[in-house]
Amino acid sequence: MLLPRNGTFSYEVEDVAAHGTGRRTVGEAGLRGEARFGDVVISPPGSTLRRQMRTPTSFFFARFLTALEPPIGCSRLRDVDRLRADLSLLESMQSASDEGHQRLDAEMVAAHVVDDVLITMLWERTRADPREDVLVRKAIAVILECFTSPDLSLGDLARTLGVSSSLLSRRFRDVRGVTPVQYLRGVRLQKARELLTGTDFTLQTIAEQCGYRSAFYLSRVFKATTGQSPSAYRAGSRV
């Protein structure tokens, strides 16, 4: 299992069993593509996992045994807040260990994260409504393609998909747990984090590459969402 904490990497899972008699469920993002925070990449025993870093990246890696049957390849978690909390617990445990005050066993915490991610992933799959997933997947594809445009709005997105804004918002929230506007903001801020940690671009350049017209507006949204200014986030990530 690979869980990106920040940055992006391309992946390819070559499933040996898929060429024989065995059949496995594949994650909605498939056996190859690009993974970022919120994605879970699983390669089963006997398979080959290839990856290539696209931006400076950190990730959680685990080998595990389970009686569950998680989908292989890449799956996208909707409950990213829960994932963020799990990874924060890992980081806190590591900090305590580095300071000589380890309070939790590292393997126990890692096992908890793996179990929680697997259960969340499988639970979300049972809740998914295929009729809604089609529309939401199309909306996400448009957002990921056009998020750099500061003019992208809920109305534009709905018109592109041929539905009303209210219908799109309701179905998007039912499936992803957030509105399209909130999801768009999350995509833009994740890209801002990657550029802040992986480049020396000015804040204005980063804002323009993330769909914001000005560095001032990016700073306001970034601080309101993360509790840190972009400059503080950049400084802290490079310590």
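Just so you know, these numbers come straight off a predicted model, no measurement behind them. Throughout, numbering of the chain's residues begins at 1 and tracks the sequence.
Counted within 6.0 Å of CD on Glu69, heavy atoms from surrounding residues, nucleotides or ligands total 12 or fewer; the atom is thus considered open.
Nearest heavy-atom pair across Leu3 and Asp39 is CD2-O, 3.9 Å. Nearest heavy-atom pair, Ala207 versus Ser214, reported as atom, atom and distance to 0.1 Å: CB-O, 3.5 Å. Taking each heavy atom of Ala35 and Val41 in turn, the nearest pair found is CB-CG2, 3.9 Å. Shortest non-hydrogen contact noted between Ser47 and Ser43 is CB-OG, 3.7 Å. Nearest approach of Leu203 to Pro230, heavy atoms of both residues: CD1-CB, 3.7 Å. Residue Leu168 comes nearest to Pro180 through the heavy atom pair CG-CG, 4.1 Å, listed as atom of the first residue, atom of the second, then distance.
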For this session: Walk me through it: do Phe222 and Arg193 pass the test side chain to side chain contact (heavy atoms under 4.5 Å, CB included)?
Result: CA-CA 9 Å; Phe222 195 96; Arg193 292 186 187 96; 4.0 Å; yes
For this session: Decide side chain to side chain contact (heavy atoms under 4.5 Å, CB included) for Ile206 and Arg234; before the verdict, give the C-alpha distance in whole Å, the side-chain angles of both, and the deciding distance to 0.1 Å.
Result: CA-CA 12 Å; Ile206 292 175; Arg234 170 176 268 174; 3.5 Å; yes
For this session: Please lay out, stage by stage, how Thr199 and Glu194 fare under the test side chain to side chain contact (heavy atoms under 4.5 Å, CB included).
Result: CA-CA 8 Å; Thr199 74; Glu194 294 170 7; over 6 Å; no
For this session: Test Met121 against Ile42 for side chain to side chain contact (heavy atoms under 4.5 Å, CB included), laying out the working first.
Result: CA-CA 11 Å; Met121 181 193 311; Ile42 293 181; 3.8 Å; yes
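In this structure, the side chains of Leu31 and Ile72 come closer than 4.5 Å at one or more pairs of heavy atoms. At least one side-chain heavy atom of Tyr183 sits less than 4.5 Å from a side-chain heavy atom of Val187. For the pair Arg173 and Val178, the minimum side-chain heavy-atom distance is 4.5 Å or more. Between Arg36 and Arg76 there is a side-chain heavy-atom pair separated by less than 4.5 Å.
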Using a 3.5 Å cut-off and no angle test, enumerate the donor-acceptor pairs between side-chain atoms of residues 56-66 and protein atoms at least two apart in sequence or in another chain.
{"residue": "Thr57", "atom": "OG1", "partner": "Thr8", "partner atom": "N", "Å": "3.3"}
{"residue": "Thr57", "atom": "OG1", "partner": "Thr8", "partner atom": "O", "Å": "3.0"}
{"residue": "Thr57", "atom": "OG1", "partner": "Thr55", "partner atom": "O", "Å": "2.5"}
{"residue": "Ser58", "atom": "OG", "partner": "Asn6", "partner atom": "OD1", "Å": "3.4"}
{"residue": "Ser58", "atom": "OG", "partner": "Asn6", "partner atom": "ND2", "Å": "3.2"}
{"residue": "Thr66", "atom": "OG1", "partner": "Leu68", "partner atom": "N", "Å": "3.0"}

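Not a single ring-ring contact (aromatic ring centres under 6.0 Å, His included) links Phe147 to another residue, sequence neighbours left out. Applying the ring-ring contact (aromatic ring centres under 6.0 Å, His included) test to Phe201 and every residue at least two apart in sequence or in another chain returns nothing. When the side chain to side chain contact (heavy atoms under 4.5 Å, CB included) test is applied to Thr120, the partners found at least two apart in sequence or on another chain are Leu77, Asp79, Arg82, Asp116, Glu124. When the salt bridge (Lys or Arg N to Asp or Glu O under 4.0 Å) test is applied to Arg84, the partners found at least two apart in sequence or on another chain are Asp81. Residues satisfying the salt bridge (Lys or Arg N to Asp or Glu O under 4.0 Å) test with Glu12, not counting sequence neighbours, are Arg32.
Within the model, atoms CZ of Arg188 and SG of Cys210 stand 9.0 Å from one another, a figure rounded to the nearest 0.5 Å. Considering OG of Ser231 and NZ of Lys223, their distance stands at 8.5 Å, rounded to 0.5 Å. Rounding to the nearest 0.5 angstrom, the gap separating the CZ atom in Arg50 from the OH atom in Tyr11 is 14.0 Å. We find the OG-CZ distance between Ser165 and Arg170 to be 13.0 Å, quoted to the nearest 0.5 Å. Atom CD1 of residue Ile140 and atom CG of residue Leu135 lie 10.0 Å apart, to the nearest 0.5 angstrom. Between atom CG of residue Leu157 and atom NZ of residue Lys138 there is a gap of 12.5 Å, rounded to the nearest 0.5 Å.
Follow the hydrophobic side-chain contacts under 4.5 Å out from Leu144 and you reach Val142 in the same cluster. If you chain together hydrophobic residues whose side chains sit under 4.5 Å apart, Tyr217 and Tyr233 fall into the same group.
In terms of modelled atom types and a separation under 3.5 Å, the side chain of Ser149 and the main chain of Cys146 share no donor-acceptor contact. The backbone N or O of Arg213 sits less than 3.5 Å from a side-chain atom of Gln204, completing a donor-acceptor pair.
Donor-acceptor pairing under 3.5 Å is lacking for the side chains of Ser169 and Ser166.
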